[in-house]
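Below is one structure, written out as structure tokens; the observations come after it.
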Amino acid sequence: MDEQPQGHRWFAAFYDVLSRGSERGAFGRLRRDLLAGLQGDVVEIGAGTGSNFAYYPEAARVVAIEPDPHMAKRAEKKLAGLARDTIALRLGPAEQLPLPDSACDFAVSTLVLCTVGDVPRSLAELRRVLRPGGELRFIEHVRGGPRLARVQRVMQPAWGWFGGGCRLDRDTESAIRDAGFEITDIRRMKLAPWMPAIIGKARPA
């Protein structure tokens, strides 16, 4: 991977420590369920420190994309420990995937669309690289109802600084539909009192 100067060094350094409890518990189970049954060619955007890597089935050939070099360094170490030659890690943005059209059977996005610079473009890229009949699988936190959305807006400046640019108040479900995906399965939950989330599957409409 080519090293790039941008990134969130301290957020990357503490991410695995802060999320260790949830990854060993409920969120780890969510990842396992989301990625079950994947096979063929898969692209993952915003791979972070590689939290999904251990849950990919052996039948999945994964290209994992991560824009932050500090996160990617940790993902490389995690990948080396797993000794999985069916997962390749590349440095780059979700808005410009290094893949040809119709290259993938599945796309994966877990807690990523809250941080990308351009949500419509990122989703357009996922749609571009999916084959006909391909599927997007996602776990994303979303904007709450009117009252909660006001709380999220108040929290956003501090949250974004602490969370590596994370946006609490994005209407990600609408963004997925607006990008030309049909959501075929969706489940709603809360990752925290201020953070509703959606988990599901979508196909290019």
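Put simply, the side chain of R143 never gets that close to the backbone of T172: no donor and acceptor are under 3.5 Å apart. Distance alone, capped at 3.5 Å, places no donor-acceptor pair between the E44 side chain and the V62 backbone. Between the side chain of Q152 and the main chain of W194, a donor-acceptor pair closer than 3.5 Å is present. A donor-acceptor contact shorter than 3.5 Å links the side chain of E66 to the backbone of G48. In this structure a side-chain-to-backbone donor-acceptor pair under 3.5 Å is present from E125 to L97. Under the 3.5 Å distance criterion, the side-chain polar atoms of K78 are matched with a main-chain donor or acceptor of T49.
A continuous path of ILVMFWY side-chain contacts below 4.5 Å connects L79 to V42, so both sit in one hydrophobic cluster. Note: the hydrophobic cluster containing V151 also contains M195 (ILVMFWY, side chain heavy atoms under 4.5 Å, direct or indirect links). Hydrophobic clustering (side-chain heavy atoms under 4.5 Å, transitive across Ile, Leu, Val, Met, Phe, Trp, Tyr) groups L38 together with L82. Residues V119 and L168 do not share a hydrophobic cluster, defined by chaining ILVMFWY side chains whose heavy atoms lie under 4.5 Å apart. Hydrophobic clustering of Ile, Leu, Val, Met, Phe, Trp and Tyr side chains at less than 4.5 Å, counting indirect connections, unites I139 with Y56.
The nearest pair of heavy atoms linking L191 to A197 is CG-CB, 3.7 Å. Closest approach of F138 to L34, counting heavy atoms only: O-CD1, 3.6 Å. In plain terms, the two heavy atoms of R127 and P204 that are nearest each other are NE-CB, 3.7 Å. Heavy atoms only, all atoms of each residue included: I65 and P93 are closest at CG2-O, 4.2 Å. Summarising the geometry of L123 relative to A175, their closest heavy-atom pair is CD1-O, 3.4 Å, with the distance given to 0.1 Å. The nearest pair of heavy atoms linking S102 to P132 is OG-CD, 4.3 Å.
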Donor-acceptor contacts under 3.5 Å from residues 106-115 side chains, at least two apart:
from	atom 1	to	atom 2	distance (Å)
S109	OG	E140	OE2	2.4
T110	OG1	R31	NH1	3.4
T110	OG1	N52	ND2	3.0
T115	OG1	V112	O	2.9

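In this structure the side chain of R90 reaches within 4.5 angstrom of the side chain of P98, judged on heavy atoms. The side-chain heavy atoms of V142 and R170, taken from C-beta on, include no pair separated by under 4.5 Å. Side-chain contact check for V43 versus L99: some heavy-atom pair is nearer than 4.5 Å. Looking at heavy atoms from C-beta onward, L89 lies in side-chain contact with E76 at the 4.5 angstrom threshold. Between P100 and V129 the shortest side-chain heavy-atom distance does not fall below 4.5 Å.
Applying the salt bridge (charged side-chain N to carboxylate O under 4.0 Å, His left out) test to every pair with at least one member in residues 182-197, sequence neighbours left out, gives these pairs: E173-R188. Evaluation of the salt bridge (charged side-chain N to carboxylate O under 4.0 Å, His left out) test over residues 145-168, restricted to residues two or more places apart or in two chains, returns R167-D169. Residue pairs meeting the salt bridge (charged side-chain N to carboxylate O under 4.0 Å, His left out) criterion with at least one member in residues 105-122, sequence neighbours excluded: D105-R131. Here salt bridge (charged side-chain N to carboxylate O under 4.0 Å, His left out) pairs that include residues 52-62, with residues two or more places apart or in two chains, are D41-R61, E58-R84.
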Full working for side-chain contact (heavy atoms from CB on, under 4.5 Å) between I183 and K201: CA-CA 6 Å; I183 296 178; K201 304 174 183 179; over 6 Å; no
Does L30 form a side-chain contact (heavy atoms from CB on, under 4.5 Å) with I199? I'd like the steps, not just the answer. CA-CA 9 Å; L30 289 177; I199 303 158; 3.8 Å; yes
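For D101, the salt bridge (charged side-chain N to carboxylate O under 4.0 Å, His left out) criterion is met by R128, not counting sequence neighbours.
The pair E135-R137 meets the salt-bridge criterion, with a side-chain N (NZ, NE, NH1 or NH2) lying under 4.0 Å from an Asp/Glu carboxylate O.
Taking CE from M155 and CZ from F162, the interatomic distance works out to 11.0 Å, rounded to the nearest 0.5 Å.
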